[in-house]
Asker: 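Take a look at this one; I'll ask things after.
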Amino acid sequence: MVSIFINIPGYRIYDLLYNGSRTLVYRGVRESDSLPVVIKLLKNPGLTQLAQLTSARLRRTLG
């Protein structure tokens, strides 16, 4: 498995927890208060995927 690490200002990223077809999930720490965090990112955040996520969220809320 290829590790894909990122740099997000204010956070230290330690582990890649999940590498799916559409998303990456990382474990890290917020530097300002040492709070553990999990960060989920879209691999290709385009309008189509954003629309799909919004639609799925709406279906969960209304349905």
Asker: What pairs meet the side-chain hydrogen bond (donor to acceptor under 3.5 Å, both in side chains) rule with one or both residues in residues 29-38, with sequence neighbours excluded?
Answerer: Arg30-Asp33
Asker: Any side-chain heavy atom of Ile39 sitting closer than 4.5 Å to one from Val25?
Answerer: no
Asker: Could you tell me whether the side chain of Lys43 and the main chain of Gly20 form a donor-acceptor pair under 3.5 Å?
Answerer: yes
Asker: If you count heavy atoms of other groups shown closer than 6.0 angstrom to CZ of Arg27, is the number above 12?
Answerer: no
Asker: May I ask you to test the Tyr26-Ile6 pair for a side-chain heavy-atom distance under 4.5 Å?
Answerer: yes
Asker: Looking at side-chain heavy atoms only, is the closest gap between Val29 and Tyr11 below 4.5 Å?
Answerer: no
Asker: Can you find a pair of side-chain heavy atoms, one from Leu41 and one from Thr23, that are under 4.5 Å apart?
Answerer: no
